[in-house]
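To start, the structure under review is shown below, and the notes come after it.
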Amino acid sequence: MNEQSPSRRGIDWRLLAAIFAVAVAILVVRTLMGRAGQPFFPDTDDAMRMVMVRDFLGGQNWYDLVAHRLNTPWGAELHWSRLVDLPLALLVMAFTPLLGPDMALVGAGYVWPMALLGVLLVISAGLAQRLVGPEGVLPALVLPVLSPAILAEFTPGRVDHHNVVIVLTLAMAWAAVESVRRPRAGMVCGLLAATALAIATESLPAIAAAILALGLLWVAEPIHARAMRGFGLAFGLGAMGHLALFRPPWRWLEPACDVISPVYVGVALVVALTFTLASLIPTPRAAWQRLALLAVLGGLGLGLILALYPQCLGGPYGALDPWLQSHWIAGIVEARPWLSTLVELPAYAIAVGVPALLAALVVIVRLARVKEGRAEWAVLLVFLLATALVMLTQVRGARLAIMPAMPAAAWLIVRLRQRYLAGARLGNALALMLGWLAFSGVVLSLLVTGITLLAPGEKPASQAENAGKEACLVAGAFTDLAALPPERIMTPIDLGAHLMLYTPHEVVSAPYHRNQQGVRDTFRFFNEPIATARAILAERGIGLVVLCPGMAEVRGLPDRAPDSFAALYAAGTLPDWLEDVSLPGSALRIFAVLPGY
């Protein structure tokens with residue numbers, strides 16, 4: 001199979017602008033009409049992000065990442081980066097004189113994910129142009145907006161860091177591919193890796209892919225020594241710079257496994273030292289010798305880091321209360337393996353899993369059959385395999401695997417189109433159609449959903465449950481609470497962030513592992529004997545209990561105590577010291593904690 005080198009002609013910006021405009025229009029219309037009556041900030045992370053942005057604008061110090069109204073009355077430090085807060089804060093500041101403080105949050109919630117989507121499409125088009133040629137740009141622009149994972153992370157109101165990490169992952173893949181011909185791109189890749197590390201540890205698989213890709217390029221061909229060295233130095237120095245931005249000087253040596261810290265900066269410096277030494281000393285002749293050299297140097301350095309910080313062997317959640325790991329984290333659907341999700345959420349699992357896995361297969365076939373551009377495609381394969389492996393372990397990794405799959409999808413579609421144009425037969429036409437279909441996640445999702453609905457058996461009740469939860473998270477549900485003087489409130493875990501966003505009150509918990517004290521007390525309040533619940537309220541000075549009946553905590557755990565809050569609430573026999581002050585028609589149930597009982 002012969003293949004010409006991809007054209008160096010520039011991207012068709014008119015095509016890109018047209019597809020971006022259509023995507024924005026669809027997302028905005030879907031938000032205004034299809035999601036009418038649903039919360040604008042759909043996820044607790046989105047709401048909590050805007051809480052942090054509002055506190056930052058209110059004068060909270062850059063280095064102060066404590067959510068002071070969480071884990072009341074003590075507060076809880078989060079593991080988030082100000083690098084995402086800053087652009088959102090600037091947007092809110094710009095919109096406030098025009099829209100007012102509340103609608104300014106909404107304005108920022110529209111502009112930020114749309115701007116990131118534009119950047120993502122530019123990088124996707126550039127990577128497809130680089131690997132496939134001009135014909136590959138169209139599928140590389142269309143297919144991302146046909147992916148449920150991308151639509152979910154770039155829709156209006158999605159302001160958490162996940163979409164930023166998706167952009168940085170694709171940018172790292174582009175820079176790594178580009179470094180094959182332009183060694184300076186290795187430095188760009190290193191800086192992107194350091195920035196991704198500073199924003200979220202969920203980017204670690206993509207960072208690992210970049211490290212492997214640049215190292216293996218040198219192992220295969222020593223002429224890539226400059227790119228490898230540039231990546232290592234930029235990664236190490238960039239990580240140090242980001243640590244200085246994230247922590248004040250007196251906390252630079254404070255270890256942590258869930259944020260950028262000496263642990264990860266140490267790893268970055270090991271990479272920098274390993275790549276620099278390997279590129280400067282006399283180069284071993286055999287590839288296996290070069291690989292062994294990197295393995296020995298890197299292994300010694302990583303061994304030292306693990307000896308200094310053994311607690312991080314358990315990962316970012318290693319320090320979490322084992323009870324919470326088994327009763328809370330284990331119940332998060334997106335943290336489960338992809339194969340498990342095939343049973344629970346088959347439409348989503350297939351829509352995001354098939355494109356990623358098929359793309360890896362396509363790249364392997366291309367590497368075997370086409371000699372041109374093998375180094376670049378091998379780099380892409382490293383990113384695909386790393387992110388797909390994470391997806392198989394935890395299905396939420398699919399959001400990182402989708403975009404590296406786009407060049408492979410574009411290459412396959414272009415090849416099938418060339419075959420069809422060479423012979424317009426029915427078989428070739430069907431093959432081309434199937435090529436588009438296999439990577440069109442939304443279409444796959446609709447097909448699987450239709451099959452599921454037609455199949456016999458009990459249908460899941462998750463949609464009704466979600467509708468009950470969403471009614472509690474819209475801004476209007478908090479209007480009456482917002483009018484009350486600041487109070488300390490016990491809520492279900494998934495209600496806390498939105499309550500802080502729309503009211504001046506303090507809450508015990510929101511779903512963040514660094515607030516494990518608040519999360520654990522919330523589970524205890526709902527599931528342990530009512531005397532224990534009363535003691536928790538007294539210790540924290542809680543004045544109100546606010547419930548969303550559709551949330552899981554209200555129903556309690558299977559092993560809840562017979563006289564737990566959850567059991568008594570279900571039976572309608574709550575104690576007299578809880579007075580129901582709920583307003584008719586409200587989605588929330590509000591109980592005043594009466595003193596003197």
Side-chain angles (χ1 to χ4, degrees), residues 15-16 18-27 29-30 34 117-118 120-125 127-129 131-132 135-155 158 163 166 169-170 173 338 341-342 345-363 365-366 380 384 387-388 391 395-421 426-454:
L15 175 64
L16 193 154
I19 293 175
F20 174 66
V22 171
V24 168
I26 291 172
L27 289 171
V29 169
R30 190 181 70 161
L117 178 61
L120 185 77
L121 293 180
V122 169
I123 300 172
S124 183
L127 186 56
Q129 175 88 8
L131 290 173
V132 184
E135 290 180 301
V137 172
L138 178 63
L141 291 174
V142 172
L143 291 174
V145 296
L146 292 178
S147 168
I150 299 303
L151 289 177
E153 298 300 342
F154 292 85
T155 196
R158 200 72 171 109
N163 43 26
I166 291 171
T169 296
L170 187 63
W338 180 72
T341 314
L342 273 174
L345 298 170
Y348 180 79
I350 290 175
V352 300
V354 168
L357 298 175
L358 180 59
L361 179 61
V362 168
V363 174
V365 170
R366 190 206 178 278
L380 182 69
L384 270 172
T387 53
M391 179 194 72
V395 71
R396 58 186 166 191
R399 57 188 171 220
L400 300 184
I402 288 295
M403 292 311 301
M406 293 301 101
W411 181 83
L412 178 63
I413 289 170
V414 167
R415 298 296 298 175
L416 293 174
R417 180 174 180 271
Q418 291 172 349
R419 181 177 297 177
Y420 170 74
L421 293 177
L426 178 60
N428 290 340
L430 289 175
L432 177 59
M433 182 181 69
L434 289 174
W436 277 96
L437 175 63
F439 292 97
S440 301
V442 170
V443 179
L444 288 175
S445 178
L446 291 174
L447 289 174
V448 175
T449 300
I451 294 171
T452 302
L453 291 175
L454 292 175

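Numbers here simply count residues along the sequence, with the first being 1. The figures that follow rest on heavy atoms only: side chains count, while hydrogens, waters and symmetry mates do not.
Nearest approach of Ala405 to Ala356, heavy atoms of both residues: CB-CA, 4.3 Å. When all heavy atoms are compared, the tightest approach of Ser147 to Ile402 is OG-CG2, 3.7 Å. Listed here is the closest heavy atom pair of Leu121 and Leu16: O-CD1, 4.0 Å. Residues Ala23 and Leu117 approach most closely at CB-CD2, 4.2 Å, considering heavy atoms. Residues Val363 and Ala408 share a closest heavy-atom pair of CG2-CB, 3.7 Å. Heavy-atom minimum distance, Gly353 versus Trp338: CA-NE1, 3.6 Å.
Looking at Phe154 and Val145, their side chains never come closer than 4.5 Å, going by heavy atoms from C-beta outward. Put simply, the side chain of Leu143 reaches to within 4.5 Å of the side chain of Ser440, judged on heavy atoms. Side-chain contact between Met403 and Thr169: absent, with no pair of heavy atoms (C-beta onward) separated by less than 4.5 Å. Residues Pro139 and Trp436 form a side-chain contact, since some pair of their non-hydrogen atoms from C-beta on lies under 4.5 Å apart. Looking at heavy atoms from C-beta onward, Pro148 lies in side-chain contact with Val442 at the 4.5 angstrom threshold. Using a 4.5 Å heavy-atom cutoff, the side chains of Val365 and Leu412 are not in contact. Between Leu357 and Met391 the shortest side-chain heavy-atom distance falls below 4.5 Å. Side-chain contact between Trp411 and Val362: present, with at least one pair of heavy atoms (C-beta onward) separated by less than 4.5 Å.
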Checklist entry - Can you list the steps and then say if Leu400 with Leu170 is a side chain to side chain contact (heavy atoms under 4.5 Å, CB included)? => result CA-CA 8 Å; Leu400 300 184; Leu170 187 63; over 6 Å; no

Item to check | Test side chain to side chain contact (heavy atoms under 4.5 Å, CB included) applied to Glu135 and Gln418, step by step | outcome: CA-CA 10 Å; Glu135 290 180 301; Gln418 291 172 349; 3.4 Å; yes

Next on the checklist: For a side chain to side chain contact (heavy atoms under 4.5 Å, CB included) check, start with the C-alpha distance between Ile150 and Leu120, then their side-chain angles and the critical distance, and finish with the verdict.
Outcome noted: CA-CA 10 Å; Ile150 299 303; Leu120 185 77; 4.2 Å; yes

Checklist entry - Yes or no on side chain to side chain contact (heavy atoms under 4.5 Å, CB included) for Tyr348 and Val395, after CA distance, side-chain angles and deciding distance? => result CA-CA 10 Å; Tyr348 180 79; Val395 71; 4.3 Å; yes

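Put simply, CD on Glu153 and CZ on Arg158 are 4.0 Å apart, with the number rounded to the nearest 0.5 Å. Between Leu426 atom CG and Met433 atom CE the span is 9.0 Å, to the nearest 0.5 Å. Atom CD1 of Ile166 and atom CD1 of Ile123 lie 11.5 Å apart (nearest 0.5 Å). The OG atom of Ser445 sits 9.0 Å away from atom CD1 of Ile350, with the distance rounded to the nearest 0.5 Å. With rounding to the nearest 0.5 angstrom, the CZ atom of Arg415 is 13.0 Å from the CG atom of Leu432. With rounding to the nearest 0.5 angstrom, the CG atom of Leu146 is 11.5 Å from the CG atom of Leu141.
A side-chain contact (heavy atoms from CB on, under 4.5 Å) with Val132 is found for one member of Val414, Leu127, Ile413 and no other, namely Val414.
Between the Thr387 side chain and the Leu384 main chain, a donor and an acceptor come within less than 3.5 Å of each other. With hydrogens and angles ignored, the 3.5 Å screen pairs no side-chain donor or acceptor of Asn428 with any backbone N or O of Leu416. Side-chain N or O atoms of Thr341 include none that pairs as donor or acceptor with a backbone N or O of Ala349 at under 3.5 Å.
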